[in-house]
K.L.:
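Have a look at this one before I ask anything.
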Amino acid sequence: MKILITGATGLIGQELTNLLLQEKHTVHYLTTTPFKSHKRQNYFGFHWNPKTGKIDDNCIIGVDVVIHLAGASISQKWTPSYKKELVESRIKSADLLFQLLSKHPNQVKHYISASGTAIYPDSDSAIYDEESNVSDHSFLGDLVEKWENSADQFKLLNIKVSKMRTGIVFSNKKGALKEMIKPIKMFVGSGFGNGKQLQSWIHIKDIARLYYFVIQNQIEGVVNTVAPIPVFNQELTNIIAKRLHRPLFLPNIPKSIMKLILGEMHILLFNNKNVVPKKVLNLGFQFDYPTAELALSNLIK
Ligand SMILES: NC(=O)c1ccc[n+]([C@@H]2O[C@H](COP(=O)([O-])OP(=O)(O)OC[C@H]3O[C@@H](n4cnc5c(N)ncnc54)[C@H](OP(=O)(O)O)[C@@H]3O)[C@@H](O)[C@H]2O)c1
């Protein structure tokens, strides 16, 4: 199979690309960064710029599946101009892909878009599976809704659409876990708030396998891309400290302080929701890392 990936040079994209190449597929990828564009056996980079609408049309030749991961990082401070960038980097890029597929003959059968669990509102009691018909009206909730709508337009071209509602991806290379580890390693770690926020997460190896499972089984619609067992913030902090052999003696940091430091972005640390990957579990997907304990034993040695 030939698969076109946007954002292939990022955390999830690199892991997924490695898996697809290992499974003998061909990967085309679109990058905004010219120096990241390589061409070697089964791995071909093409340049695009969603801001100016520039795209190398050749990227689509022979492609069966498009995976849209590109988007500006949510871990930078959400100023009004950066909020616009967060939205536009995901939507304008999806629109550019849509225009390309609308205008050029192609054989694409499946469009898979990254998405987020931010679409689900905070709740102490709800259990969110793929049939939960709710949306959170925060900035991120609205962003995810727009992102998913931009994915749904591909159905107009008779292309199957999947929306991968992803929790925090645990990796030791980049991302949220690395940031959580830093203060604990330096003996200044602590939990956030009362530590009872339930957080959805997924191991980097499992997310790559899960995207591949969705490709192979042509799974459509919403896919909760999270491990089956979420983890409380305090439990997560404790597991990291245990793995690093560090004590936790500081009190938890209150929400009000984190709001002062991070602004609106502080909500990422206080999200509390129970999201379950019911669809893929029912279809037989087996997680290698179903619990945070197992995931962190693998990632923090
Ligand atoms: N990691 C997580 O915990 C997590 C959780 C939920 C959802 N997600 C979503 O999953 C997707 C992939 O996540 P990731 O962690 O792999 O992201 P990442 O490491 O930040 O990589 C994203 C890639 O997108 C491209 N990109 C960055 N800014 C861009 C912009 N302004 N316009 C167009 N392209 C841009 C870059 O590729 P080039 O330089 O090659 O263009 C970058 O390598 C993202 O959309 C993210 O929001 C991730």
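Ligands are counted one by one from 1 in listed order, and the atoms in each one are counted from 1 as well. Since this is a predicted model, take the numbers as computed values, not measurements.
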K.L.:
Counting only heavy atoms, tell me which of Gly7, Ala118, Ala72 gets closest to atom 28 (N) of ligand 1.
P.N.:
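It is Ala72 whose heavy atom sits nearest to atom 28 (N) of ligand 1.
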
K.L.:
Taking atom types as modelled, is there a side-chain donor on Ser73 or Ser75 under 3.5 Å from an acceptor on the other?
P.N.:
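Short answer, yes.
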
K.L.:
Salt bridge or not for Glu264 and Lys77, using N-O below 4.0 Å?
P.N.:
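No.
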
K.L.:
Taking atom CG of Asn233 and atom CG of Leu198, what is their separation to the nearest 0.5 Å?
P.N.:
10.5 Å

K.L.:
So if I count the atoms of ligand 1 from 1 in the order they appear, which ones are less than 4.0 Å from some heavy atom of Thr31?
P.N.:
38 (P), 39 (O), 40 (O), 41 (O)

K.L.:
If you take the nearest heavy atom of each of Gly71, Gly10, Gly175, which one is closest to atom 25 (C) of ligand 1?
P.N.:
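The option holding the nearest heavy atom is Gly71.
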
K.L.:
Are Asp129 and Lys279 close enough for a salt bridge, meaning some N to O gap below 4.0 Å?
P.N.:
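So Asp129 does not pair with Lys279 through a salt bridge.
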
K.L.:
Within a distance under 4.0 Å of any heavy atom of Ile168, pick out the atoms of ligand 1 and give their elements.
P.N.:
3 (O)

K.L.:
Checking the N or O distance criterion of under 3.5 Å, is ligand 1 in contact with Pro50?
P.N.:
no

K.L.:
For Ala114, counting its heavy atoms only, list the atoms of ligand 1 lying under 4.0 Å from any of them.
P.N.:
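Counting from 1, the qualifying ligand atoms are 10 (O), 11 (C).
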
K.L.:
Quick check: Tyr29 with Phe46 (ring centres under 6.0 Å apart)?
P.N.:
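Aromatic pair excluded; centres sit 6.0 Å or further apart.
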
K.L.:
Is there a heavy atom of Ser171 sitting under 4.0 angstrom from any atom of ligand 1?
P.N.:
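Under 4.0 Å: no for Ser171.
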
K.L.:
To the nearest 0.5 Å, tell me how far Asn106 CG sits from Leu100 CG.
P.N.:
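CG of Leu100 is found 7.5 Å from CG of Asn106.
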
K.L.:
Could you work out, for atom 48 (C) of ligand 1, the closest of Val144, Val226, Ile12, Thr33 by heavy-atom distance?
P.N.:
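The option holding the nearest heavy atom is Ile12.
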
K.L.:
So is there a nitrogen or oxygen of Gly116 less than 3.5 Å from a nitrogen or oxygen in ligand 1?
P.N.:
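No - when backbone and side-chain N and O of Gly116 are compared with those of ligand 1, no distance drops under 3.5 Å.
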
K.L.:
Measuring centre to centre across the rings, with the benzene-like ring taken for any Trp, is His110 within less than 6.0 Å of Phe154?
P.N.:
no

K.L.:
Would you say Leu30 has any N or O atom under 3.5 Å from an N or O of ligand 1, going by distance alone?
P.N.:
no

K.L.:
Which one holds for Ala70 and ligand 1: side chain close, backbone close, both close, or neither close, with close meaning a heavy atom under 4.0 Å?
P.N.:
both

K.L.:
Counting each atom of ligand 1 from 1 as listed, which ones have a heavy atom of Ser89 under 4.0 Å away?
P.N.:
30 (C), 31 (N), 32 (N)

K.L.:
Mind checking whether Trp147 contacts ligand 1 via backbone (N, CA, C, O), side chain (CB onward), both or neither, at a 4.0 Å heavy-atom cut-off?
P.N.:
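For Trp147, only side-chain atoms sit under 4.0 Å from ligand 1.
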
K.L.:
State plainly whether the residues Lys109 and Asp64 are in salt-bridge range, i.e. N to O under 4.0 Å.
P.N.:
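Between Asp64 and Lys109 there is a salt bridge, with a charged N closer than 4.0 Å to a carboxylate O.
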
K.L.:
State, without any angle test, whether Asp95 and Gln153 hold a side-chain donor-acceptor pair at a distance under 3.5 Å.
P.N.:
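There is such a pair (donor and acceptor under 3.5 Å, judged by atom type) between the side chains of Asp95 and Gln153.
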
K.L.:
Can you tell me which residue and heavy atom of the protein come closest to atom 33 (C) of ligand 1, and the distance to 0.1 Å?
P.N.:
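The closest heavy atom on the protein side is Thr32 CG2, 3.7 Å.
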
K.L.:
Quick one: does ligand 1 sit under 4.0 Å from the side chain of Ser115, the backbone, both or neither, non-hydrogen atoms only?
P.N.:
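For Ser115, the contact with ligand 1 is made by the backbone alone.
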
K.L.:
Looking at Met164, is its backbone amide N or carbonyl O close enough to the side chain of Tyr211 to form a donor-acceptor pair, meaning the two atoms are under 3.5 Å apart?
P.N.:
no

K.L.:
Which protein heavy atom lies closest to atom 2 (C) of ligand 1, and at what distance to 0.1 Å?
P.N.:
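Checking every protein heavy atom, the shortest distance to atom 2 (C) of ligand 1 gives Val169 CG2, 3.5 Å.
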
K.L.:
For Gly167, counting its heavy atoms only, list the atoms of ligand 1 lying under 4.0 Å from any of them.
P.N.:
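That gives atoms 3 (O), 5 (C), 6 (C) of ligand 1.
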
K.L.:
Spell out, as yes or no, whether a donor-acceptor pair under 3.5 Å connects the side chain of Arg165 to the backbone of Gly116.
P.N.:
no

K.L.:
Among all protein non-hydrogen atoms, which one is nearest to atom 15 (O) of ligand 1, and what is the separation to 0.1 Å?
P.N.:
Leu11 CB, 3.6 Å

K.L.:
Can you tell me which residue and heavy atom of the protein come closest to atom 12 (C) of ligand 1, and the distance to 0.1 Å?
P.N.:
Leu69 O, 3.4 Å

K.L.:
Can you sort out which atoms of ligand 1 are near Thr166, meaning under 4.0 Å from one of its heavy atoms?
P.N.:
5 (C), 6 (C), 7 (C)

K.L.:
Using the ring of Tyr289 (Phe, Tyr or Trp, six-membered ring only), decide whether Lys205 places NZ or CZ under 6.0 Å from its centre and within 45 degrees of its axis.
P.N.:
no

K.L.:
Quick test of your reading of the structure: of Arg90, Glu85, Lys174, whose heavy atom lies closest to atom 31 (N) of ligand 1?
P.N.:
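It is Glu85 that holds the nearest heavy atom.
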
K.L.:
So is Ile74 close enough to ligand 1, meaning a heavy atom under 4.0 angstrom away?
P.N.:
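Per 4.0 Å heavy-atom rule, Ile74 does not contact ligand 1.
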
K.L.:
To which protein heavy atom is atom 36 (C) of ligand 1 closest, and what is the distance rounded to 0.1 Å?
P.N.:
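That would be Thr9 OG1, 4.1 Å.
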
K.L.:
Please find out if less than 6.0 Å separates the ring center of Phe44 from that of His28.
P.N.:
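Yes, the ring centres sit under 6.0 Å apart.
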
K.L.:
Taking Asp136 for the side chain and Ile119 for the main chain, is one N or O donor matched with an acceptor at less than 3.5 Å?
P.N.:
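Flag not set: sc Asp136 to bb Ile119 has no pair under 3.5 Å.
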
